Structure formats: structure tokens, C-alpha cells
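Data block below; observations after.
Residue numbers begin at 1 in each chain, while the letters A, B, ... track the order of the sequences. What you see is a predicted model; the values in this text were computed from it and never measured.
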Amino acid sequence: MTDTPANSAPVEATAAPTTLAQRIAARLGAQVISADESRGETVVDVLPENWLAVAQALRDEADFHFEQCIDVCGVDYLSYGQAEWDTTDVSWTGFSRGVEGEGPGRFKWSNRPLVGAGHRRFAAVAQLLSIKNNQRVRIRCHAADDALPVVPSLTGIWPGVNWFEREAFDLFGIVFDGHPDLRRILTDYGFVGHPFRKDFPLIGNVEVRYDEALGRVIYEPVTSVEPRVGVPRVVRDDSRYDQAQAESAAK
Amino acid sequence: MQEIKNYTINFGPQHPAAHGVLRLVLELDGEVIQRADPHVGLLHRGTEKLAESKPFNQSIGYMDRLDYVSMMCNEHAYVRAIEKLLGVEAPVRAQYIRTMFDEITRILNHLMWIGSNALDLGAMAVFLYAFREREELMDCYEAVSGARMHATYYRPGGVYRDLPDRMPQYKESRWHKGEDLKRRNEWREGSLLDYLDAFTRDFPGKVDEYETLLTDNRIWKQRTVGIGVVPPEQALAWGMTGAMLRGSGVEWDLRKKQPYAMYASMDFDIPVGVKGDCYDRYLVRVEEMRQSNRIIAQCVDWLKKNPGDVILRNFKVSPPRREEMKDDMEALIHHFKLFSEGYSVPAGETYAAVEAPKGEFGCYLISDGANKPFRVKLRAPGFAHLSSMDTIVRGHMLPDVVAMIGTYDLVFGEVDR
């Protein structure tokens, strides 16, 4: 928590390979795309074809010994960094109050943002914990294909990831190759779609109610709620946080 | 001869021992479990997706509603993740308050657990005893935040406000009068800290009472000793944390090993089990209550002596005081911007974990530089625990499933999110 926030870029290696990131890079070399450290956390990016080999090495080798996989989660990088308000040249033009973004919560299924031929939109991220060495690492794997994102399953290495991968499949549609039981887990029986994808509407597609005439619960297209977002999404990358920090440090 | 086949039953979702909304599909051979398939998600609210559509601070309240018996611990993981990305740190007094309320929360959770678990296994009285003390601690929640459960008390940069200098008292009514009223208000003469001081003196005796009811209770032991044994290797492989892991003899507690808030300067012990059965986990949790009580006492002691700020005076992140806001233009602007747009968090990602009463509660936060999170993933301990259900209960009897659900300490608010 003592790191500076502005320094989000990876810390460059200066001394001998002593940090975990450097040791992973040295040991696994070509099998990882990058191994960085930021805010005291180690992040390793891996290609799907090396995913299992890297995980196996991280679990079994004494220097790493990540005997626990704490979490696996899906991430959809669609619309990363997109804001609904212009903040950089407002000095010249003034704020625009009209919001025309396609941010989370603003659209229905019928006018959802169109996904272009994006590149490597989906990622699976695993948090590993070594109890023996008291260290953590985060490994990330971007699926190659956006239309059918496939990532090898870690269930053979840590059986506990079973449900976490089912969850990522359910919510993001990431297919974990080799998973023994890849069913939906959190959404309703018979649910269609993957709700945590950025192009899935926040209000959902269907709603349920009890139908008096039919004597059962029925599913209907959503009509009871409209997409509504209270606060526009604003990306600010200005100096005020540095200034605020300097001020609080001076006190 | 008649052919005997396995049969499949639904355990829950409306079963009192299913702790809410667990639907457990059990395949039975007589009374022996052949296969257990938990169906979860009946309480799925899409908290993580909702958080993506609103400014950071507006989601703190959602955290309370995840594991709704350990509210502030969830908030703690979330605000820690934000603080890590912002690069700010709460003032020391706020860190002590957080430590104290994390431990109050732990006792609240374990009281809920001991009561409901005992109730599941046939002991009615423990529940009544546990809720007596739970009530006392709920009053602390109410005193600091105004809400008895969903406090929304922690904020990035500190806590919402300082501890109150007086506790609300019972007024005379048809139900509370005379000696009874005096007894009820006895602790409430002074501040919240005086109240907690009295509580920490009183509480170890109360834990003894629960232990009298259970620890040597023959029926309790018959239902828990040797039931649901989790070997340490299995506990590690299934991603178990918290009392589930410590019950199996693995000495691992984030408060000791990766300390946050003020845990590094607290004096407390980590209880571990030996056999890894339901009884060991019971003993671990009971001892954790005693240790939490010790930590609360240390925090109360420090907080009484050291007044100070409880939230950062960094108005880009935390609001100025209300009086300042009424008085000063600059403060008004800060207030307006914070409560309308919120603060933008520098782009990056982080994982912040706390030792919640049930295990490791983590928050993986990705920010793209906006005033709303790009992705929040909440790692709930109960989710990992429940996923091991099939492996653990295979070969056990049907009533042992109830003991196992109890010992997992499941709350579906966090499992289903």
C-alpha cells in the first residue's frame, strides 16, 4: 500500500533477479509473455498453449510452490478505457451534458454495442497463493478467439477451480477445455447468454412473473425497467491526484 | 428378489438446514450419499456487474449484502482494493477502528454460525444464547453507522465518521422498566468504547456458556467428531481458507501472514485443529471468538487514548466535513464533485484480500481510469468451500450433510453474489 499510484508501469529490474516476477521470467522464459510487478503484486501473462505448463510449474517447483488457486475469474476487455464524457479538451468547448455512450447499463439487447473484429477480448485470470512461501501471483490468459473463447482448464492441477471456471463460463462464455463438468452455475436454469459480457444489457433480457391464467411462472421480455444510469462514466487522467497526494504528504 | 436402486432427492432450496437457498441434489443409496450436486445461484444478483455501472463509493453498500453476517469485512476488502489503486492509506485511527469492527464482525459471524449450526444438529438453546450477545454487538453497528446490519461504514481513505461519544439508551416502557431497565442501560452510560470495554470483559464468560452447552455434549460430539474430515492436502487443493483450512491443521491466517489494517501490532493467537473434522472446526471457531475479543480489547484501549482523524483529509478522495462544506467554496466544490461524479481511480488492477470470518474474502479490481470500476471480482470463501461438497460428503450419511453444510459456514449472499 505504500507504492505510488502514478507508477502503474511495471517496476523495472534493477538488481539481481530476486523478485518473484524476475524469478518467474528467468525460470519460465519463453513460456510467459511477460512477468511484471506493480504495487507489490506479481502479474504473469501467458498464452493459452502455455497456460497449463506454467500453472503446473508454478504449483510444483519449490521456489514457487503455489499450492492454492484462490480464484479464477473471467474478464471482458471490450470497451476498456471508454468514457462517456470528454474531459481533455473541455476547456475549449465546454462540457457536453448529453451522454451518448454505450457504457454499462445504458443499452437494451436490441441496441447493444456492436462488437467489431476485436482482438483477444476475453481473459481468464487466476490468483495463486503459496502458503509455504507466503507469496501471491496473478496469472492471466487471453483467449485467442473472441467468437469462441477457449482457455485450457486448470481443474487437473487444482481441483478447487472447478466452480470458478464454471462461473467464468456461465458469466462470460469462456470455454474451459478439459473441464469435467462445464455447466452453468449462477444463472437461472435455461438462461440464454452470458450476462457479464460488456455487450449484455444490465437490465437483462427476460423477466419473470406468475401468470394467473396459466397457473405458473412465465418468462417475458423485459418491460418493467428501462436502461438508466445515474452518473456518466468519466475517465480522468490529470494531475489532481498527484497534487492531492503532495498536499496530504505536506500536512 | 426386488431390485434396489439409488434414488435422488432434493435437499432444499426450502429446507431450514440449507442455510438460505442451497438446492442440493443428493443421490442416495439407502441413507448413504453417493453423489452430491449443489445447485447455487438462486440468490445471484449480479453484484459485480451492478458495480460496473456506478461510481466506486456507491457499491460499498452492496458489499454488506454479500456475506450478510460479516458485513464490514466485505467492505474492508473492497475499500482496500480501491485504496491500493489510489495509493492512499487511511489514518491510523481509522485503521484501528477497522480492525476493531472486523473483529466485532467476526464474533457476530461466529455467533450466527454457532447458533445455526447447533440448531441444525438439534440443539435449540445455543441459538438463543448466541443471539443475546449478537444483539449487543449489533448495537455497536447501529451506534457508528445507523444501521444494524448493512452499515456502509468503511470508505476509501478511512471510515465514514468517528465513534460516537455516547451510546443510545433504553427508555422506560411497558417492557423495559425498573431493575431490568437499569441492567440494560448499565453499559450504556458512557461512549461506544466504554460499552465495548464492558462487553470484552463480559464476553469470555459467555463463550464459556456456549462451550458448556456444546463442547462436552455427548450428542454434539456424536454428530461432529470424525464427521466431514478434510485432510490438509485436500483443503489446500480445494482452495479452502479460514477456519476450514485451520481446522485441518494448516496454520494460515492473513491477519498474521499478510497483515493489513493494524493486525501487525495486535497480540493474538491462531487456533488450529488436528483432525480436520467438524468438531475441530467448531473448536477453532470458538477459540477465534476469544481471540477476537482480545483484539477488540486492545483496539478499545488504543482508541480511548488516541483521538484523531478517521478519514483522509484528501478531498479528491474523501469528502470534507459538513461544516466546512457549508462554509468554504472550495470544500463545496469538492463535496459536489465527489458525490456527483465521484473520484477517478488510476488505471491498473489489484487484488486485495482480508481474512473474513469465513475465510479469504478477496476483491480483484480492474480500473481503466474511470470513476467506475471496469471489473470487480469478489472472491467469496464460501463458494470455494461449497464446491468441495461432493468430494467431502461422499460415503457419509444423510444427517452428516447437514453437519457439513453447517461447518462450511455458508451464506448464500456471498456464494451467489
Side-chain angles (χ1 to χ4, degrees), chain A residues 1-6 8 38-39 41 43 67-71 73 75-76 80-83 103-106 125 127 129 131 134 136 138 158-164 167 170-171 184-188 195-196 200 202 229-237 240-241 243-245 247-248 251, chain B residues 40-41 44 46 48-50 52-55 58 80 83-89 236-241 250 252 257-258 260 312-317 340-344 346-351 353 360 362 364 366 368-372 374-375 377 379 383-384 386-388 391 416-417:
Chain A
M1 287 178 84
T2 49
D3 300 22
T4 54
S8 59
S38 71
R39 298 184 184 83
E41 297 172 41
V43 190
E67 65 270 76
Q68 272 201 313
C69 185
I70 285 292
D71 182 38
C73 84
V75 183
D76 178 0
Y80 183 88
Q82 278 177 19
R106 289 212 185 267
V125 183
Q127 320 278 350
L129 170 67
I131 281 177
N134 194 6
R136 285 180 191 274
R138 173 159 63 240
W158 295 280
V161 303
N162 187 315
W163 277 25
F164 288 109
E167 182 191 320
D170 188 3
L171 303 179
R184 286 185 178 271
I185 184 163
L186 290 181
T187 52
D188 197 0
F196 277 29
F200 191 94
L202 184 68
V229 173
V231 182
R233 186 177 167 81
V234 185
V235 173
R236 288 196 190 276
D237 182 26
R240 34 184 211 159
Y241 297 103
Q243 181 203 334
Q245 264 181 354
E247 279 173 15
S248 58
K251 269 177 195 157
Chain B
V40 301
H44 179 60
E48 296 159 8
K49 178 130 180 150
L50 282 170
E52 289 172 11
S53 72
K54 41 189 73 151
Q58 291 186 16
R80 268 193 75 217
E83 285 175 354
K84 252 177 156 176
L85 282 182
L86 281 169
V88 299
E89 209 164 337
L236 291 171
W238 282 96
M240 289 183 184
T241 46
V250 181
W252 178 261
K257 307 288 177 169
Q258 298 175 359
Y260 52 96
L312 275 183
R313 305 270 301 153
N314 174 347
F315 302 143
K316 309 297 176 189
V317 177
S340 55
E341 185 185 297
Y343 46 83
S344 294
E349 54 172 33
T350 192
Y351 178 80
E360 177 174 329
Y364 174 48
I366 305 179
D368 57 353
N371 57 341
K372 305 174 182 183
F374 181 75
R375 167 98 169 102
K377 162 74 200 219
R379 191 271 178 194
F383 189 76
L386 186 57
S387 71
S388 69
T391 317
D416 296 346
R417 278 157 292 144

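Side chain of B:K257 to main chain of A:I131: no donor-acceptor pair is present (N/O by atom type, distance under 3.5 Å, no hydrogens or angles).
The part of A:R138 that comes within reach of chain B is its side chain, from C-beta onward, which places non-hydrogen atoms under 4.5 angstrom from that chain. Contacts of A:V161 with chain B are absent, with no heavy-atom separation under 4.5 Å from either backbone or side chain. If you measure heavy-atom distances from A:D188 to chain B, you find no contacts under 4.5 Å at all. The contact between A:P195 and chain B is made entirely by backbone atoms, counting heavy-atom distances below 4.5 Å. Only the side chain of B:K377 has a heavy atom closer than 4.5 Å to any heavy atom of chain A. Only the side chain of B:Q58 comes within contact range of chain A, judged by heavy atoms closer than 4.5 Å. Heavy atoms of B:E360 lying under 4.5 Å from chain A belong exclusively to its side chain. With a 4.5 Å cut-off on non-hydrogen atoms, B:T350 touches chain A through its backbone and its side chain both. Of the atoms belonging to B:L386, heavy atoms from both backbone and side chain fall under 4.5 Å from chain A. Contacts of A:E67 with chain B are made by both backbone and side-chain atoms, with heavy-atom separations under 4.5 Å.
Nearest approach of B:E48 to A:E167, heavy atoms of both residues: OE1-OE2, 4.3 Å. The nearest pair of heavy atoms linking A:P159 to B:W238 is O-CZ3, 3.6 Å. Closest non-hydrogen pair, B:Y351 versus A:E41, comes out as N-OE1, 3.0 Å. Shown here for B:K49 and A:F200, the closest heavy-atom pair between the two residues is NZ-O, 2.9 Å. Contact record, A:C73 with B:Y364: SG-CD2, 3.6 Å, taken as the closest heavy-atom pair. Closest heavy-atom contact between A:V235 and B:D368: CG1-O, 4.1 Å.
Counting heavy atoms from C-beta on, the side chains of A:I185 and B:F383 come closer than 4.5 Å. Side-chain contact between B:R375 and A:V125 is absent, with no heavy atoms from C-beta onward closer than 4.5 Å. Contact check for A:V231 versus B:K54: no side-chain heavy atoms found under the 4.5 Å cut-off.
The candidate with the highest count of non-hydrogen atom pairs below 4.5 Å against chain B, out of A:L171, A:D170, A:V75, is A:V75. Each of B:S53, B:S387, B:A353, B:G41 has some count of heavy-atom pairs under 4.5 Å with chain A, and the biggest count is that of B:S387. Of all the listed residues (B:A384, B:G239, B:G369), the one sharing the greatest number of non-hydrogen pairs under 4.5 Å with chain A is B:G369.
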Report the C-alpha separation of A:R236 and B:N371 in whole Å, then their side-chain angles, then the decisive distance to 0.1 Å, and conclude whether the side chain to side chain contact (heavy atoms under 4.5 Å, CB included) test is met. CA-CA 8 Å; A:R236 288 196 190 276; B:N371 57 341; over 6 Å; no

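Between atom CZ of residue B:R379 and atom CZ of residue A:F164 there is a gap of 4.5 Å, rounded to the nearest 0.5 Å.
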